[in-house]
Each structure stands twice: as C-alpha cells, then as structure tokens.
Engineer: 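Encoded as structure tokens, here's the structure I'll be asking about.
If you read the sequence from its start, that first residue is 1, and numbering goes on from there. Computed from a predicted model, the values in this text were never measured in an experiment.
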Amino acid sequence: MGYRRGYYKKDGTYVQGHYVNSRKKLKYSMKNKKGGCLSLILWLFILSINISCSDESDCISKKCSDFSTQSEAQAVFNSDNSCYENLDADNDGIACENLPN
C-alpha cells in the first residue's frame, strides 16, 4: 500500500491524501495456464513410460514340475540360462536336480 498525496481537481476542489493499494492485480490468462498443463502432460508421459518399461520379460515361466525328467529341464535351461534361472535353485548349473534322469 502506498500513500497518495492530496491534489487539486480541475474545478479547484481539493482531494485529501489517502492510502491506496499500489500493487498491480494479476491477470490470469491462458499463457499462465499453459505452463501448468504442459508440465502435467510431461509428467504423465514420463509416468506412462516407466509403467510400460517395467520388469516384463519375454521369457515363458517354467517350473521344475513342468518337466518329467531332469534332462528335459536341463535342455531348456541350457537354451537360455538367464531366462530360466529359476530352474537352478542352487546356481550350480544343473537344473531341477530333484527330478529323475
């Protein structure tokens, strides 16, 4: 707030000094709103990329109970060790050791 000094009007009357609000009023326009919408759209885009790139793999889930012999499980395990690492519980390179040969 500021103080406006007294002054004389053109007709000769005196206007006494008084306090006035010297702050400018903010005018909201579409320019100000675009930044908020743009940041929201960008944030949602980044979030959707993170969701779509989660730990989904192309590997088919296999368990030792899916095989009748250890040699079948070992052949599948040898085809892609990283994909079927759950077939080798103790990480010794031998898949489904409890199954019969």
Side-chain angles (χ1 to χ4, degrees):
M1 292 185 77
Y3 186 77
R4 177 178 278 176
R5 294 186 343 197
Y7 60 95
Y8 288 96
K9 290 184 179 182
K10 288 183 181 180
D11 63 0
T13 57
Y14 182 75
V15 177
Q16 189 172 2
H18 57 279
Y19 284 97
V20 294
N21 188 359
S22 61
R23 294 183 199 163
K24 294 182 180 177
K25 291 184 180 181
L26 295 176
K27 293 182 181 179
Y28 293 101
S29 66
M30 289 304 289
K31 246 185 219 181
N32 293 341
K33 293 181 182 181
K34 284 182 183 176
C37 291
L38 184 61
S39 62
L40 178 64
I41 291 170
L42 182 63
W43 184 79
L44 289 174
F45 178 72
I46 291 171
L47 182 65
S48 67
I49 288 174
N50 287 341
I51 291 172
S52 66
C53 294
S54 61
D55 293 333
E56 296 178 22
S57 65
D58 295 334
C59 298
I60 300 170
S61 177
K62 294 281 187 177
K63 299 181 285 187
C64 287
S65 60
D66 295 335
F67 303 102
S68 57
T69 63
Q70 189 274 332
S71 58
E72 289 176 15
Q74 188 67 41
V76 171
F77 178 75
N78 289 341
S79 67
D80 191 359
N81 295 355
S82 63
C83 196
Y84 301 109
E85 60 188 12
N86 61 330
L87 297 179
D88 184 16
D90 55 0
N91 294 323
D92 62 352
I94 302 172
C96 301
E97 297 174 44
N98 56 347
L99 291 177
N101 285 339

Engineer: Mind checking who shares a hydrophobic cluster with Tyr14, ILVMFWY linked at side-chain heavy-atom distances under 4.5 Å?
Structural biologist: Tyr8
Engineer: Please give me the minimum heavy-atom distance between Phe77 and Glu85, naming the atom from each residue.
Structural biologist: CE1-CA, 4.1 Å
Engineer: Give every residue pair that meets the side chain to side chain donor-acceptor pair (under 3.5 Å) criterion with at least one member in residues 89-101, sequence neighbours excluded.
Structural biologist: none
Engineer: Is there a path of hydrophobic side-chain contacts, each under 4.5 Å between heavy atoms, that joins Ile41 and Ile46?
Structural biologist: no
Engineer: So does Lys63 get a backbone contact from the side chain of Asn86, meaning a donor-acceptor N/O pair under 3.5 Å?
Structural biologist: no
Engineer: Can you list every side chain to side chain donor-acceptor pair (under 3.5 Å) pair that touches residues 64-80, not counting sequence neighbours?
Structural biologist: Ser68-Glu72, Thr69-Ser71, Gln70-Gln74, Gln74-Asn78, Asp80-Ser82
Engineer: Determine the minimum heavy-atom distance between Cys96 and Ala73, stating which atoms define it.
Structural biologist: SG-CB, 3.7 Å
Engineer: Could you report the tightest heavy-atom contact between Val76 and Tyr84, atom names first, then the distance?
Structural biologist: O-CD1, 3.5 Å
